[in-house]
Amino acid sequence: MGSPQMMETYGSTDIIEIPLGSPRFRQKVERFLEANALRMDKMDSYYVIEDAEGSILAGGGISGNIIKCVAVSEGARSLGLAAPLISRLVAEGTSRGHNNLCVFTKPSNEAIFASLGFRTIASAPAAILMENGRGVEAYEAYLRSLRDNVTSGIIVIHANPLTLGHVYLFEEALKRCERLFVVPVGDDSSRFPYAERCAMIDCALAQFGGRAVRVDGSQYQISALTFPTYFLKDLSEASETQMRLDLDLFARHITQSLGATVRFVGTEPTDPLTARYNALMQEMLPSRGISIVEIPRLTGSDTAAPVTATSVRAALDRGDFRIAAALTPTFTHPYLLADLATRALRLELDTPFKPGLVGPDGSGAHRDMDYAVMSRSIDTIRPFFGRIAALSFSNGSNESLAADIQTIGIEAERAMMASTGGVNTHRGAIFALGLAVAASARVLARGAQLSDNELSTTIKYIASSLKQATDTHGSAAARSFGIMGAREMALEGYSLLFEDWLPFYRQSQDRQQTLLRIMSTLDDTCVIHRVGYERAQEVKRDSADLSKDFSDNNLKDMCTRYAAEGISPGGAADMLSLTIFLYSITN
């Protein structure tokens with residue numbers, strides 16, 4: 001199979017790691033799984049046992065602490081291959097620091113996993129969840145430490161993000177019980193990271209004087225994002241199976257440990273899946289000592305539509321901060337800003353035919369980065385915008401805020417470089433968007449409007465308190481040619497952006513044209529560093545000319561020429577992201 005594989009022998013049985021990064025080997029695994037009524041699922045590694053001809057007899061994968069896609073071919077099921085294969089997967093998981101491995105599988109596979117030390121912790125007609133450690137017992141012990149001898153209720157929420165509807169649900173639930181436990185879904189696959197969702201919930205519960213307690217989430221809240229479906233023959237039953245597993249686990253391990261006897265949920269007038277989940281709760285939980293109380297959803301002040309996180313996310317997708325903010329409490333607003341900053345970076349990346357820049361159509365002038373690297377970088381720096389926004393929303397002087405922002409920015413840069421293998425993908429964007437996010441949160445915190453003037457002025461104040469950073473290629477170029485670098489533009493409150501680029505974008509809604517507008521007026525230190533000052537001035541003229549005589553062919557021709565010359569207007573890309581963000585919060 002070649003050098004990329006790792007091999008270990010159990011007696012005469014060789015267990016080999018398949019390199020899933022190779023399309024040929026990945027397709028081989030897909031064909032094997034399909035022949036055994038399974039589908040390919042996301043995995044970190046996949047291990048197989050092959051016959052002398054190289055055909056897969058048995059295989060199994062691992063993703064984090066989850067064992068996945070275990071199968072033995074029909075002709076080899078009497079050979080006893082499952083045990084050594086699963087043992088290898090357990091050993092691999094343990095070597096990676098996962099001492100509590102889980103598997104979602106068919107009930108028919110329960111015996112083989114049980115013989116290898118796994119036990120069932122939740123079941124549904126089409127699936128079971130098993131683990132081989134004491135994870136659920138440790139979680140139960142933690143829950144019991146929160147238990148109190150009062151009438152207790154429980155709410156399980158995603159809070160993706162937390163809305164006014166969630167706060168209303170908390171208030172109504174506390175009218176019906178003495179203690180309320182709020183459990184956030186524990187996975188970190190959501191749009192809003194787990195840490196941010198917990199921070200929003202904590203702010204909401206603080207007003208109830210200890211009567212409401214946030215419980216740490218865990219892998220024992222099974223969401224649609226985390227439930228695998230590769231082993232289900234009929235995908236139409238996936239949601240039903242996921243929900244039944246989640247409710248069985250909830251009744252077995254969570255409510256009993258907390259001593260909660262009531263589960264509160266909001267009514268669901270619009271979403272069929274959530275309505276079905278509520279119906280399953282009514283079907284499954286009362287017989288296990290848990291009553292269900294449905295509380296009518298909070299509706300908007302100017303509409304009969306319920307206030308939902310789905311509506312908030314839809315507003316953010318449109319870049320409409322005003323609508324998203326109207327549906328959420330003020331302590332959610334910093335995280336809305338962080339989400340919109342991330343959205344701006346993704347819209348810039350997803351814009352095609354940007355001369356010299358990475359996009360969905362290619363890597364432009366770059367050989368060290370591509371679309372996947374840029375996308376990974378955006379995911380990495382996302383939480384740092386949330387930290388900056390939340391910090392800026394609190395009280396404090398501009399000087400102390402600037403110092404804290406600078407510290408978080410440095411952490412973001414380090415994380416970015418680690419995720420990209422040392423490639424500087426978004427250093428300029430971290431600075432510009434971090435500063436704009438901080439200024440936006442600061443304006444909101446003092447109850448002012450997110451106007452162009454307020455934002456520009458606040459950016460100036462915060463930037464003036466920043467310490468001079470270590471020299472970069474951009475700052476060196478700015479000094480050499482007497483032009484404004486990133487810091488100088490911030491000290492001016494991004495005057496050119498507010499006076500020219502943002503009004504142009506408001507009118508055109510065209511990202512390509514706005515980028516050309518920026519390129520025609522910005523002294524881009526990234527371009528200067530790569531090809532010199534004189535060629536950078538020609539780039540500005542080229543961009544102005546193309547703006548006046550724009551066509552797709554002319555734009556594509558510029559993309560080809562700039563890629564060949566190594567011209568990459570990275571500063572203009574950062575300013576396009578900043579323009580998109582500022583438009584979304586001032587629109």
Side-chain angles (χ1 to χ4, degrees), residues 100 102 121-122 129 131 135-148 150-163 165-174 176-208 210-227 242-266 268 274 277-278 280-282 284-285 288-295 308-309 332:
N100 189 78
C102 298
I121 60 172
L129 172 61
E131 69 174 13
V136 76
E137 292 178 4
Y139 190 57
E140 287 175 330
Y142 158 70
L143 297 177
R144 285 194 296 272
S145 72
L146 304 176
R147 188 169 180 160
D148 204 349
V150 296
T151 304
S152 299
I154 189 168
I155 293 173
V156 180
I157 59 170
H158 216 147
N160 188 35
L162 190 89
T163 70
H166 292 118
V167 177
Y168 175 76
L169 180 61
F170 300 159
E171 292 169 346
E172 292 299 307
L174 280 166
R176 297 164 171 84
C177 65
E178 296 175 81
R179 175 64 54 84
L180 178 66
F181 295 109
V182 178
V183 186
V185 173
D187 72 80
D188 218 358
S189 310
S190 306
R191 179 165 178 166
F192 288 80
Y194 174 73
E196 291 186 4
R197 292 186 285 116
C198 286
M200 290 183 264
I201 293 170
D202 289 344
C203 288
L205 300 186
Q207 63 184 297
F208 300 119
R211 290 184 60 214
V213 178
R214 176 181 60 81
V215 177
D216 288 347
S218 70
Q219 64 182 327
Y220 304 113
Q221 290 87 45
I222 304 170
S223 74
L225 291 172
T226 57
F227 176 64
Q242 173 254 310
M243 291 186 284
R244 286 185 177 276
L245 266 181
D246 179 71
L247 289 170
D248 183 60
L249 197 152
F250 173 80
R252 286 196 199 197
H253 304 288
I254 295 176
T255 53
Q256 288 188 15
S257 299
L258 284 172
T261 56
V262 186
R263 179 160 177 175
F264 297 98
V265 296
E268 185 47 65
T274 305
Y277 189 76
N278 286 0
L280 281 173
M281 277 193 277
Q282 296 283 10
M284 295 174 60
L285 297 184
R288 301 170 82 164
I290 308 157
S291 60
I292 308 300
V293 175
E294 287 192 270
I295 295 174
T308 66
T332 292

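Given the structure is predicted, the values throughout are model-derived calculations rather than measurements. Throughout, numbering of the chain's residues begins at 1 and tracks the sequence.
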Q | Considering all heavy atoms, the nearest Pro161-Ala309 contact | A | O-CB, 3.6 Å
Q: Identify the two heavy atoms, one from Gly153 and one from Cys177, that lie closest to each other, and give their separation to 0.1 Å.
A: N-SG, 3.9 Å
Looking at side-chain heavy atoms only, is the closest gap between [X] and [Y] below 4.5 Å?
X      : Y      : result
Met243 : Met281 : no
Leu129 : Leu249 : yes
Val213 : Arg179 : yes
Val156 : Phe250 : yes
Phe170 : Leu162 : yes

Q.
salt bridge (Lys or Arg N to Asp or Glu O under 4.0 Å), that's the test. Do Asp248 and Arg244 meet it? Break it down for me.
A. CA-CA 6 Å; Asp248 183 60; Arg244 286 185 177 276; over 6 Å; no
Whether [X] side chain and [Y] backbone form a donor-acceptor pair below 3.5 Å:
X      : Y      : result
Ser257 : Tyr139 : no
His253 : Glu140 : no
Arg252 : Leu247 : no
Gln242 : Ile222 : yes
Tyr194 : Ser189 : no
Ser152 : Val150 : yes
Arg263 : Leu285 : no
Arg197 : Val185 : yes

Just verifying a value: how many Å separate [X] [atom1] and [Y] [atom2], rounded to the nearest 0.5 Å?
X      : Y      : atom1 : atom2 : result
Leu174 : Glu172 : CG    : CD    : 10.0 Å
Arg214 : Met200 : CZ    : CE    : 11.5 Å
Gln282 : Ile290 : CD    : CD1   : 12.0 Å
Leu205 : Cys198 : CG    : SG    : 10.5 Å
Glu196 : Arg191 : CD    : CZ    : 11.5 Å
Phe181 : Thr255 : CZ    : OG1   : 11.5 Å

Q. Picking from Leu143, Ile201, Val182, what satisfies side chain to side chain contact (heavy atoms under 4.5 Å, CB included) with Val215?
A. Leu143
Go through the side-chain N and O atoms of [X] and [Y] and say whether any donor and acceptor fall under 3.5 Å apart.
X      : Y      : answer
Asp246 : Tyr277 : yes
Asn278 : Glu268 : no
His158 : Ser190 : yes
Tyr220 : Glu131 : yes

Q) Under the side chain to side chain contact (heavy atoms under 4.5 Å, CB included) criterion, do Ile157 and His166 qualify, and how do the steps go? A) CA-CA 8 Å; Ile157 59 170; His166 292 118; 4.1 Å; yes
Q: Go through Ile155 and Leu169 one step at a time and tell me if the side chain to side chain contact (heavy atoms under 4.5 Å, CB included) criterion holds.
A: CA-CA 9 Å; Ile155 293 173; Leu169 180 61; 3.8 Å; yes
Q) Can you check side chain to side chain contact (heavy atoms under 4.5 Å, CB included) on Ile295 and Val265, steps first, answer last? A) CA-CA 6 Å; Ile295 295 174; Val265 296; over 6 Å; no
Q. Would Val183 and Gln221 satisfy side chain to side chain contact (heavy atoms under 4.5 Å, CB included), going step by step from the backbone distance to the final call?
A. CA-CA 9 Å; Val183 186; Gln221 290 87 45; 3.6 Å; yes
